[in-house]
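Here is the structure we will look at.
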Amino acid sequence: MSNEKAINDHSDKALSTTFEDDVHAATDAMKLRGRKLTATLSFVAGTGFILFGYDQGVMSALLTANQFEKVFPQVVVSDAHPNHATLQSFLVAIYEIGCLIGALSTLFIGDRFGRKRTIALGCSIMTIGAIIQASSFSYAQLAFARTLTGVGNGLNTSTVPAYHAECSPPKSRGSLIMIEGSLITLGIMISFWASNSSAQWRVPIALQILFALIVVFALPMLPESPRWLMKVGRPAEAMAVISALEDNPHTDPSVQLTFHAVQEAVALEGSKPGSSEKASLSELFTGGRSQNFRRVALGVVIQCFQQITGINLITYYATILFERLGINDVKSRILAACNGTEYFLASLVAIFLIDRLGRRKLMIFGSIGQCITMVLLAVLGSINNSAADVVSAVLLFVFNSFFAVGWLGMTWLYPAEIVGLRMRAPANALSTASNWTFNFCVVMVTGPAFQNISWKTYIVFAALNAFTIPIVYLFFPETANRSLEDMDVIFALAYLEKVSPVTVSLRKDVPTAGSPEAERILGLQVSTSSSEDALPGNPSVREVEEPQSTIA
């Protein structure tokens with residue numbers, strides 16, 4: 001027995017030494033650490049969302065541009081061509097169909113390619129789409145190019161927030177990702193001002209290529225997500241990335257705790273490190289401790305809610321809305337550009353509030369303000385005089401402010417936080433697909449709605465905003481100042497105690513992920529063997545067998 005023990009000890013020591021060597025090698029390969037790494041991550045993720053916002057806003061600013069209308073007369077709505085309202089809406093909305101296709105594509109390639117390669121692919125596709133858009137001479141060519149560009153943006157918007165969230169510390173994750181939301185509005189602002197210049201319309205469309213290239217060339221400096229690395233069986237690299245993000249040696253207790261919490265998440269989700277097994281779509285409908293169905297549904301619903309607020313009523317049709325208020329073409333486009341600027345400035349407020357007040361309060365605040373604003377727009381629209389038009393123009397700015405604080409960046413942050421590691425890629429694909437599906441519906445309906453029911457369109461959106469308030473209050477748990485793995489503990493504890501996850505998320509006594517108490521709640525047990533399973537590079541916890549309930 002002594003000889004066998006000696007052999008096992010020697011084997012364990014050799015394996016442990018190999019893991020240590022791998023961690024050191026991965027650490028040496030890291031180009032950035034600490035604040036520089038966090039700042040670069042934020043810059044690259046933010047540039048990706050500037051690209052998103054720019055591509056959204058540029059078409060709104062061009063719809064009433066004379067040179068654009070000459071090339072594409074199908075977008076000019078007049079009494080002689082009332083069907084052009086549908087063609088105009090279609091040209092704007094077809095972009096969302098492309099985004100939907102791109103988002104759903106991450107169901108199949110998200111975990112296979114990893115976060116970085118998926119983002120690089122998305123930016124490459126957007127670059128090709130922008131080139132075709134800028135060289136378009138027909139309505140069909142432009143529609144195809146916008147669809148292709150949307151595919152790339154769908155890949156980016158379903159991957160960038162998850163990548164950024166997985167590489168951000170809990171205490172500042174909210175503010176860091178809300179910066180992405182602010183940079184969407186920066187992109188919209190730039191698109192409005194660029195399209196308001198004397199340059200040809202092709203130049204503003206082509207400008208988005210610059211943002212895509214910045215992301216593509218900056219990505220090699222960044223590490224992969226430590227959660228994805230652990231999931232695919234590269235624990236040494238995961239340890240090195242966690243160490244670099246926290247700017248502490250890998251032996252530091254905080255690094256070890258984070259690493260162990262990620263190990264827990266891998267074990268909890270049933271993932272075998274290094275296996276090519278993908279999450280089955282049927283797992284989206286499971287309950288039990290993991291509460292997959294509830295968590296995925298929250299991500300899908302919050303993205304739907306963002307769109308039915310009516311924000312794209314303004315983002316895509318700002319110049320047209322101002323013209324409907326009796327303001328001439330040039331002044332309408334200048335006002336739209338000012339509206340985009342104010343939108344960006346208002347979004348900065350959320351960066352400072354998100355981790356202090358939490359997610360729930362900001363969403364409810366935004367919905368209340370948006371609902372009241374839509375009601376006032378409907379009332380003033382029914383009056384139809386010059387004074388009412390002026391106040392209506394101001395209210396378009398007010399609506400943007402409420403949305404920027406409450407909902408703009410929230411729906412890119414929350415789905416990445418609320419879902420467990422194994423389901424994160426497919427869940428983000430579905431939640432982003434929800435965003436683009438309802439985005440398409442709103443954009444397609446808005447043009448014909450204003451043509452047929454005019455100011456009553458605002459009443460519809462006021463009711464939809466009111467609907468979101470009780471849903472958020474009753475069903476959306478708080479994620480502020482929690483690690484991604486802490487949310488696994490919250491949902492498991494809620495399941496065991498048979499209470500709402502919202503109630504548990506507001507408690508202060510929930511054990512931290514990685515602790516023995518959390519392992520018991522998650523149904524995991526620590527391995528006491530001295531085999532390879534207990535080494536630093538391998539999950540030292542395993543799931544206690546428990547049948548998962550299925551949501552019909």
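The first residue in the sequence is number 1, and the count goes up from there.
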Side chain to side chain donor-acceptor pair (under 3.5 Å) partners of S483, counting only residues at least two apart: D486

K231/D111 ion pair, N-O < 4.0 Å: yes

Minimum heavy-atom distance between A120 and V216, given as atom pair plus value: O-CG2, 4.2 Å

Residue pair H250 / Q256, side-chain donor-acceptor N/O under 3.5 Å: no

Donor-acceptor pair between S367 and T468 side chains, under 3.5 angstrom: yes

Side-chain donor-acceptor pair present, N428, S158, cut-off under 3.5 Å: no

Student check: side-chain heavy atoms of R173 and H164 closer than 4.5 Å: no

Close side-chain approach of I94 and I97, heavy atoms under 4.5 Å: yes

Any side-chain heavy-atom pair of W407 and L362 under 4.5 Å: no

Test ring-ring contact (aromatic ring centres under 6.0 Å, His included) applied to F438 - qualifying residues, sequence neighbours left out: none

With sequence neighbours excluded, residues passing side chain to side chain contact (heavy atoms under 4.5 Å, CB included) with I132: I128, Q141, F144, A145, L148

Under-4.0 Å salt bridge between E417 and R359: yes

Electrostatic pair E166:R424 at N-O distance under 4.0 angstrom: yes

Side chain to side chain, I311 and N400, heavy atoms closer than 4.5 Å: yes

M126 vs I209 side-chain heavy atoms within contact, under 4.5 Å: no

Residues K36 and D247 bridged, charged N to O under 4.0 Å: no

Any residue meeting side chain to side chain contact (heavy atoms under 4.5 Å, CB included) with A26, in chain and number order, not counting sequence neighbours: E237, A240

L245 vs L41 side-chain heavy atoms within contact, under 4.5 Å: yes

Y95 side chain to N153 side chain, donor-acceptor N/O pair below 3.5 angstrom: yes

Summary of ring pair (Phe, Tyr, Trp, His ring centres under 6.0 Å) pairs that have at least one residue in residues 410-429, sequence neighbours excluded: F49-W412, F52-W412, Y414-F476

Non-hydrogen side-chain atoms of D488 and S290 separated by less than 4.5 Å: no

Contacts of R227 that satisfy side chain to side chain donor-acceptor pair (under 3.5 Å) - sequence neighbours left out: E485

Smallest separation among heavy atoms of A513 and L257, with atom names: O-CD1, 3.8 Å

Criterion ring pair (Phe, Tyr, Trp, His ring centres under 6.0 Å) on F365 and F402, from CA distance to verdict: CA-CA 8 Å; F365 168 78; F402 280 114; 5.4 Å; yes

Closest contact, heavy atoms only, Q303 versus T411: NE2-O, 3.0 Å

F137 side chain reached by L142 side chain, heavy atoms, under 4.5 Å: no

Inter-residue atom distance E96.CD - W436.CH2, 0.5 Å rounding: 5.5 Å

Greater than 12 external heavy atoms within 6.0 Å of K361's NZ: no

